Structures are given as C-alpha cells and as structure tokens.
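Start at 1 with the first residue, then count along the sequence. Please read these numbers as outputs of a predicted model, since none were measured by experiment.
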Amino acid sequence: MKDDELRAAEAHIARLEEELLRLKDVKRDLQRLREEHRRLRHSTEGRIAKILSAPFRLFRRRQLTEAVEQDEYGRWFARHRVSAEEAAKLREQSRTFSYRPLISILTPTFNPDDQFLTAAVESVIAQAYENWELVLIDDGSSDPRVRGLLEKLGQRDARIQTGFQEHGGISSALNAALSRARGEWVVLLDHDDLLEPDALFRAIELLQNDREADVIYSDEDKIVDGKLAAPMLKPDWSPEFFCTHDYLGHFVVIRRDLAQAGFRSEFDGAQDYDLLLRISEKTDRIRHLPRVLYHWRRTAESTAHNIRRKPGALEAGRRGIEEHLARRQENARVTIDWETHLYRVRRQIAAEKISIIINGSAGDADRIRANTDFPNFEIVANLKEATGEYVLFLDSDLEPLNENWLSVMAEQLSNPKIGAVGARVVSTEGTVESAGLILSPDGKVNSAFAGLARNFRGANRQLQTARNYSAVSASCLLTRRELLHRTLPGNAAGSLAPSRSGIFARDDRIWVGTEYCLRLREQGLRTVSIPYAELRRTSKKENASVLCVDLQKRWPEMFRRDPYYNPNLSSERIDFSLRT
C-alpha cells in the first residue's frame, strides 16, 4: 500500500476512534447517572423510585459485583504500601545512607487543576528521602491564577523553585526545568500525578548496592474517579517490549548526564519516550523496582484516559521508534496496531531460506505448505538435512492460522540481539496453550496466559504484542542455524527436534526449549514471543506446567525471579493476576 493510502487509512481510523471516545464519554455520564439513581433510592424520596425500579435490580446486582472486583486492587495495594509509621522509619534510615545524591524532580505545568497540582506537590514534600528539589515550570498558562498558585506552593518548602515562560510546549518547559536542575539524578512528575512516600527512597536504596545503574523505573497505577486502579506491574528491562510502547512509563529516575540530551519539541506528547529510547542506545543498565510508586491521574484530557485524547502522541512515539532503529542501523519500519494502540516493528527478513523440522506425515507437511506464504522454505525430518539460515522446530500437530506466520517470526531474527522466537499457540477450543514460558521459584516452567481467551486484553495487553520471555517451548521455536551449532555442541542440537505426539515428548518440548533459551541468554541473546504468528494444536494440548529441577539447579537466579514476570503477580496461575 502506498504511503498516501496508508495515511488516508490511518486518518479514517483516527476519526472512528474519536467517535468511540465520544461514546465512551456518554457511557461514563450514564454511569454517573446510575450512581445518582442509587443514592436517590436510599433517600426518603427514593422509596417510591425503589418500587418502580424493580426491573433494574438484576442489573444493579451485576454492577455491585463489578465494583467489588474493581476494588480488589485497592485492597491489595493497601496491604503493600508503606504506612505513615513505616515512612517515618524509612526517613531515619535514609539519613544513614552513604550515598545521598540530590534528586531533581521536574514538573511542567499548563493550566493545572489547583487541587491536583497541590496534591502532587504535597506528595513530593512527604518523601521519606529528603535530599530532593522540585522544579516547577509553568508553560505560559492562560489562567492568570496559576502564577499565584505556583508562587504559593513555592513558599511551602525551600526545596521548591518555580519558573515561568511563554507557551512553548511540554518539551520546552521540561528543558527549562532541566537547565535549572542541580541534582545528580532527574525524575519527571506530571502536574496532576502523585508519588508514593517511599518512591525516592526505593531508588536511592537500590543505588546503595548498585552504583552502576543509569535508569531506575517502578510499577505504577492510575487514579480513576478518585480510586486507585489499572496497575501496571512491569517486567524488568525488556528492549523488544519497550519498542511496543513506553512501558517504563512514570517514576523513572535518570542519571543527570544521560538526561542532559534533553527533550525534543518535535516529539511533544511522546517526549519522555523519545528521550528514553535515545538513552537506551547508550546504556542497558536499566533497573526495575517492582513496587507501585507512582499514581497516574486519568482525566478526560490525559493519555492515561486514552491515547487519542492527544492525537499527535501516538504518531510522535512511532517516529521516535523509527529514528531509534535508524540510529541503530536496523532496517525496519514501525506501524501502529490500531486495535491495541501498540507499536509493531517490521524488519526486513535477513534469511533467504528457512528449514522447518517436523516429524510427521506427508499430510502434516502438506498442511504447513498450504498455509505458509514465505517464498523459500523446506520441510525436513532432522537438523542434519537443514540447509536454511534459520531453523524452525515445529510439532507436527500444529496448524498455522495465518499464512504470514513464518514471515513475521523470521522478522524478529533480523535483530542480532534475538536468539529465539516463539509464536502464540492456541488449543482446539481457541484458548491459549502458550505465549511464552515463565520460570517459577518452585522449579516449574509455566506457559504464560495458558487457558485464557486468545483475544484477552488484560494484563496491559501483553498477550497482544511482541514480548520478551525467558524461554519459549521447542514445540514452535525459530532460531539461527549457526546459533544451534555454537550453543549446543555435538549432537545436542538434535534434542530440540520434535518427536511424535505423546505426553512425555510434550513435556520435553518445554524442557529443551527452556534450556536452549537460557543458554542463549548466557551469550547475551534474548528470546521473544509474538502474537502475530498463531498456530492451533490439532490434538491434545501441551502441559501448562512442567517441573524442571535440573534446570533450576543450573540457573537458580532465573528461577528465583524470572526477570520478565513481575514478582507481584501470581506464580501459581501464571495469568498475570495479582499475587494473593
């Protein structure tokens, strides 16, 4: 499709999404009316309405059930956040740190809500770690009251400084704040968001033993109608996942020397993302604090509510990734997945030929050929017969659901840092068999999202995009042939080759796939699984969990804490739900 046709298509989609946003606003207004209706029913005047509203009682029960489910996270977070007493102890502890750098918190403002900005500033003042400064820069607010508000807030604490400029956009305001900052470290705080009292403390605590870190990020959630909701419990540093969206998000602590590159106005709306992409080209010492330390307020104008509230932000992020890849001299382009608003990197396939190794019948091979559009591939029975640059190990009872499945897998190997690629495998019932493998402290290797619907949108859409995993099953594993010979000496590479169906063979597929991917990791290579290649199991599905004690003994740290699975998530269900 030509570029002008693509732009026209994207403009059309944008208009459709604006209409969806309008309907979303109508739905929210309707929900508020229902709340008023419920309050009325409990009043004296509402007794008559209660009688008249009998037909709606079933609907009301459903709403109440949903409210309880929505409050589950609030209850979980209340058990995990620090209390006032604990924050006081952390304050005393921080005073004993041998390394106590100044942290500069940069907050641009533009026509802020008085209450929200005041709460943001108060969340900074309440920090257990006290060696900070807050730089408030107003970007030419049209509301004349803002100047007085900022000056009043500046008087609250000597560590707060304020500045004013003509309207130049958020990057301009951030650069102005950065030029005033004196700290060794920089933190970005939006003018209507909140920090947890231990946010700065946790970052400096990490630095006591890890002085090499250059970037530190935390988990976060959203403030929705006054309640905490929609937690983002993130993996550790995952470069391929980061190229799908800015999952580092908020509460990112950046070494001043790296932040000094500044923000670029042409990326306004995605200016933080652009800066972090540039920083990731200079360092991979990016650390993760698996704690919710930042609350992102969802308002009608914010990208926390919907990315289309700021139409240029999505396109700015796409351009930021494309420039990032160009600087890395990667032959790739970036598209937008309009169903999820996530980015998708499309690389030029480096291999001319792919060898598919299956141990099945002629009919199995014919089924693969009929559903594969890659121009040059061969189907062989073992690795010795393979002549392609890439090799795919594939169970004979897996059936491709889209013809470009092999091409989209091969795109990933064009990234020299990727050693193995997996696909999304679904069962005959249409549920997920595996989208990648997760290692657990009990020695088990578990299939991510097993049993969930293939179109599951929960867990921040992680099932719907390219994502790093510690391993993928050898039931469907693509790798480079030269890597096999380098990583698995002698005849060991033959262990990856599929055998005929059988439950023990299926367990072996998880075991050997995990071993191979962990060996690749030792060489500095990553594993990625993608949803765009989807295959269906035509017989009994693979086990969702396999005990791999021998692998646990060889890689104890990986099993103790899988870097691509947040420790606050359930290790029993592996469905990305909260750990209870």
Side-chain angles (χ1 to χ4, degrees), residues 354-360 364 368 379-386 388 390-400 405-406 409-410 412-413 418-426 432-439 444-448 450 468-481 483-523 525-530 533-548 550-551 554-555 558:
I354 298 177
S355 299
I356 301 177
I357 302 179
I358 63 173
N359 190 352
D364 296 326
I368 297 298
I379 296 179
V380 297
N382 57 66
L383 185 58
K384 292 180 180 179
E385 300 175 8
Y390 295 172
V391 174
L392 174 72
F393 297 96
L394 186 69
D395 283 356
S396 60
D397 61 345
L398 288 180
E399 178 181 46
W405 68 283
L406 188 55
M409 291 184 75
Q412 299 295 323
L413 283 184
I418 297 299
V421 183
R424 182 165 66 190
V425 176
V426 299
V432 175
E433 179 182 297
S434 179
L437 299 177
I438 292 169
L439 317 182
K444 290 180 179 178
V445 178
N446 309 278
S447 296
N468 293 105
Y469 284 96
S470 291
V472 294
S473 171
S475 289
C476 181
L477 186 155
L478 181 70
T479 188
R480 287 187 283 277
R481 187 155 58 99
L483 274 180
L484 284 168
H485 295 299
R486 190 174 78 205
T487 305
L488 300 176
N491 296 322
S495 65
L496 283 168
S499 59
R500 295 193 181 275
S501 60
I503 189 65
F504 297 108
R506 294 282 167 73
D507 287 1
D508 287 345
R509 315 306 292 131
I510 288 180
W511 199 98
V512 298
T514 301
E515 180 190 30
Y516 179 64
C517 292
L518 292 180
R519 283 175 177 263
L520 292 176
R521 181 180 174 86
E522 290 179 332
Q523 301 176 50
L525 298 173
R526 300 186 292 269
T527 296
V528 67
S529 179
I530 55 172
E534 193 171 40
L535 299 97
R536 177 172 55 207
R537 184 78 70 180
T538 59
S539 62
K540 187 175 181 180
K541 63 184 179 181
E542 186 173 71
N543 280 357
S545 178
V546 174
L547 186 62
C548 300
D550 290 343
L551 298 183
R554 289 165 62 185
W555 289 283
M558 290 296 294

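Every residue two or more places apart in sequence or in another chain that forms a salt bridge (charged side-chain N to carboxylate O under 4.0 Å, His left out) with Arg536 is listed here: Glu399. For Thr514, there are no side chain to side chain donor-acceptor pair (under 3.5 Å) partners two or more places apart in sequence or in a different chain.
The shortest distance between side-chain heavy atoms of Leu518 and Trp555 falls below 4.5 Å. Side-chain contact between Lys444 and Cys548: absent, with no pair of heavy atoms (C-beta onward) separated by less than 4.5 Å. At least one side-chain heavy atom of Val472 sits less than 4.5 Å from a side-chain heavy atom of Cys517. Taking 4.5 Å as the limit, every side-chain heavy atom of Thr538 sits out of range of all side-chain heavy atoms of Leu398. Contact annotation: the side chain of Leu406 approaches that of Ile356 to within less than 4.5 Å [non-hydrogen atoms, C-beta and beyond]. Proximity of Val432 to Val425: side-chain heavy atoms (C-beta onward) are nowhere separated by under 4.5 Å. Taking 4.5 Å as the limit, some side-chain heavy atom of Met409 sits within range of a side-chain heavy atom of Leu478.
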Exercise. Dump the intermediate steps for side-chain contact (heavy atoms from CB on, under 4.5 Å) on Trp405 and Ile368, then the final yes or no.
Key: CA-CA 11 Å; Trp405 68 283; Ile368 297 298; 4.2 Å; yes
Exercise. Check the pair Thr487 / Gln523 against side-chain hydrogen bond (donor to acceptor under 3.5 Å, both in side chains), numbers first and verdict last.
Key: CA-CA 9 Å; Thr487 305; Gln523 301 176 50; 2.8 Å; yes
Practice problem: With side-chain contact (heavy atoms from CB on, under 4.5 Å) as the test, would you mind laying out the steps for Leu483 and Leu520 before giving the verdict? | Solution: CA-CA 8 Å; Leu483 274 180; Leu520 292 176; 4.1 Å; yes
Practice problem: For the pair Leu488 and Arg519, evaluate side-chain contact (heavy atoms from CB on, under 4.5 Å) and give the outcome as yes or no after the intermediate values. | Solution: CA-CA 9 Å; Leu488 300 176; Arg519 283 175 177 263; 3.5 Å; yes
Practice problem: Determine, stepwise, if the pair Val391 / Leu383 fulfils side-chain contact (heavy atoms from CB on, under 4.5 Å). | Solution: CA-CA 8 Å; Val391 174; Leu383 185 58; 4.1 Å; yes
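Closest approach of Ala410 and Tyr390 over heavy atoms only: O-CE1, 3.7 Å. Considering every non-hydrogen atom in both Tyr516 and Arg480, the closest pair reads OH-O, 4.4 Å. Residues Leu535 and Ala423 share a closest heavy-atom pair of CD1-CB, 3.6 Å. For Leu437 against Ser473, the heavy-atom pair with the smallest separation is CD1-N, 3.5 Å. Between Leu413 and Ile418, the closest heavy-atom pair is CD2-O, 3.6 Å.
From Ser470, atom OG reaches atom CZ of Arg521 across 6.0 Å, with rounding to the nearest 0.5 Å. In this structure, the separation between OG on Ser447 and CD1 on Ile510 is 4.0 Å, given to the nearest 0.5 Å. Distance CD1/Ile358 to CG/Asn382: 12.5 Å, rounded to 0.5 Å. In this structure, CG in Leu394 is found 8.5 Å from OG in Ser475, a value given to the nearest 0.5 Å. Once rounded to the nearest 0.5 Å, the distance linking CG of Leu477 with CZ of Phe393 reads 7.5 Å. The OG atom of Ser434 lies 12.5 Å from the CZ atom of Arg509; values are rounded to the nearest 0.5 Å.
With respect to the salt-bridge test (charged N to carboxylate O, under 4.0 angstrom), the residues Glu515 and Arg554 qualify.
Although no hydrogens or angles enter the test, the distance criterion places a donor-acceptor pair under 3.5 Å between the side chain of Ser355 and the main chain of Gly388. Between the side chain of Asp508 and the main chain of Trp511, no donor-acceptor pair closer than 3.5 Å is present. The closest donor-acceptor contact from the side chain of Arg424 to the backbone of Glu534 lies at 3.5 Å or more, if one exists at all. Looking only at distances, no side-chain donor or acceptor of Asp395 sits under 3.5 Å from a matching main-chain atom of Asp397. A donor-acceptor pair is defined here as one N or O able to donate and one able to accept, closer than 3.5 Å; no such pair exists between the side chain of Thr479 and the backbone of Ala420.
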